[in-house]
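One structure is given below, encoded as structure tokens.
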Amino acid sequence: MKILVLGAGVVGTAAAYYLARDGHEVTVVERHPAAARGTSYSNAGLVSPGDATAWASPAALKTFIRSLYTSDLGIKVRLRLDPYFYAWSLRFLRQCTTARLRANSEVKLRLALYSRQCINEISDEAGIGYDDRRKGILYFFRSQKSLDEGSENYRFLAKHGLPIEIVDRNRMVELEPGLAAAKDGIAGGVYSPMDQTGDSRMFVEKLATYARERLGVTFMFDTTVEGLVVEGDRVSGVMTQGGVLAADAVVIAMGPESGLLGRRHGIDLPVYPVKGYTATVPLEVPEKGPTMGGADEDNLIAYSRLGDRLRLAATAEFAGFDRSYKPSDFARLFKAGQELFPGAFNPRKAVVWAGLRPMMPGSVPVIGQARYKGLYLDTGHGHVGWTMACGSGKFLADLVAGRKPDIDPQGLVYGG
């Protein structure tokens, strides 16, 4: 078929790769001037099945409410006249039960484990290096109370196939010598050896080049999608600022903008943008930096080692499509980084960025055919889009081809 993939982030580019491998004529349409210039441009760098626990939970509900009047949390809510945010919030609140937490987390873990395998297969096949480290990730807690409470989620993931090790602070420093200076302020953590790290932008840029040169995928950059072309019960193309592009099938993989396009055509697609902040800084003393990825679970700050760079990421801010930032937005990030890895870097040399994550209320992405024949969704991956993107692309290609997917589709196939 002739297929249009809307979006050249890691999700769209991975989908294009797998669809082209099946022999389809694939064109990727992207409003930015190059691949991975939106959500995939900069993230925590974690490929993290260990982070498969859904956001929506009884604990998250309490944090969400506290964020309305407390400014120093990792979650921030800017109340605004946005009816879509309030509609999304109600759906999020309905997911904040223990039963939904477990169900959503199991689906996320299934896809994340599969996707990690897909990332490594693509990397090996295409010869893609992306400053990856396959050493695991440490999720640590500041107090014994938060360790005891937080480790319950990891034990649930372990029951569903994620190898983990609950570690005290001494074992933690054995695994990650870079945390030695911060050891006394950490109670312990969870080590997920299957997790890994890498630069998503580097991966996407190289995968796009491979897909274009080896698989014949066409990339149309600087092209804004304005709507779908619908004929009866079928999508036959997309409208862009440069005219109509005809197709046999269309895949919406536009990250946070996916919901905007879906709503124009009556598609129930509750994707809402959640802003995150990152800083990437050269390691001036590499041996003082981390050797693997990690997450400070109490402060909601994540980091990864990308070659001789340190990537720091934090904050989930509900502020609509506002991508702006100011220096003070990164103060908490640098303070935590310097506390964890003193002397490793100079924050004045950091490259800072803010981007939007496409969040679904239950943290589970939507994949599969939507309202019209020939229209497919591959979006809503939230804060672990880098982790789940390649598995989603292969899963989608199987659905398009009518093949049985490699993993259980329960809870993954779009039903809106």
Side-chain angles (χ1 to χ4, degrees), residues 8-18 34-37 39-52 109 111-139 162-164 175-179 190-211 214 276 278-283 286-287 289-295 301-313 337 341 344-345 351 353 355 357 381 383-394:
V10 64
V11 172
T13 303
Y17 164 83
Y18 283 111
R37 290 303 183 270
T39 299
S40 301
Y41 185 82
S42 181
N43 51 35
L46 307 180
V47 176
S48 49
D51 197 17
L109 177 64
L111 179 58
L113 289 171
Y114 176 59
S115 190
R116 169 193 168 276
Q117 174 187 328
C118 292
I119 290 172
N120 293 337
E121 288 174 352
I122 289 176
S123 175
D124 294 342
E125 174 193 319
I128 293 176
Y130 53 101
D131 279 345
D132 52 311
R133 291 186 174 222
R134 305 179 187 182
K135 297 187 62 175
I137 292 175
L138 271 168
Y139 303 89
L162 179 74
I164 64 167
L175 292 165
E176 177 51 274
L179 288 173
V190 178
Y191 173 53
S192 178
M194 287 189 68
D195 290 10
Q196 57 193 60
T197 56
D199 189 322
S200 64
R201 176 164 62 99
M202 190 182 297
F203 179 88
V204 176
E205 290 173 343
K206 292 183 177 182
L207 181 59
T209 298
Y210 181 87
R214 301 290 293 275
T278 69
T280 308
V281 59
L283 285 167
E287 59 270 23
T291 62
M292 67 175 81
I301 291 174
Y303 59 83
S304 57
R305 175 78 175 263
L306 305 175
D308 281 336
R309 298 172 294 150
L310 175 65
R311 171 73 52 76
L312 298 163
F341 310 110
F345 66 93
V351 176
W353 183 83
R357 309 176 184 100
H381 295 73
H383 69 294
V384 285
W386 174 207
T387 299
M388 299 193 292
C390 292
S392 297
K394 192 172 184 182

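Shown here are the ring-ring contact (aromatic ring centres under 6.0 Å, His included) partners of Tyr41, two or more places apart in sequence or in another chain: Trp353. Remark: Tyr17 pairs with no residue by the ring-ring contact (aromatic ring centres under 6.0 Å, His included) rule, at least two apart or across chains. Judged as a ring-ring contact (aromatic ring centres under 6.0 Å, His included), and not counting sequence neighbours, the contacts of Phe341 are Tyr303.
At a threshold of 4.0 Å, the pair Arg309-Asp131 counts as salt-bridged, since one of the basic side-chain nitrogens sits closer than that to a carboxylate oxygen. With respect to the salt-bridge test (charged N to carboxylate O, under 4.0 angstrom), the residues Glu176 and Arg305 do not qualify.
For the atom pair Thr280 OG1 and Arg201 CZ, the distance stands at 8.0 Å (nearest 0.5 Å). Distance check: Ile164 CD1 to Ile137 CD1 gives 14.0 Å after rounding to the nearest 0.5 Å. The line from OG1 of Thr387 to CG of Leu113 is 10.5 Å long, rounded to the nearest 0.5 Å. Ser40 contributes atom OG, which lies 10.5 Å from atom CZ of Phe203 (distance to the nearest 0.5 angstrom).
Ser42 and Thr278 share a side-chain donor-acceptor pair at under 3.5 Å. For the 3.5 Å distance criterion, the side chains of Tyr139 and Asp195 qualify, holding a donor opposite an acceptor.
No option in Arg133, Met292, Arg116 other than Arg116 meets the side-chain contact (heavy atoms from CB on, under 4.5 Å) test with Gln196.
Within the 3.5 Å criterion, the main-chain N or O of Ala8 finds a donor-acceptor partner in the side chain of Thr13. Counting only distance, with no hydrogens or angles, the side chain of Ser392 and the backbone of Met388 share a donor-acceptor pair below 3.5 Å.
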Subject >> Worked verdict on Ser200 versus Asn43 for side chain to side chain donor-acceptor pair (under 3.5 Å) >> reply: CA-CA 8 Å; Ser200 64; Asn43 51 35; 3.1 Å; yes
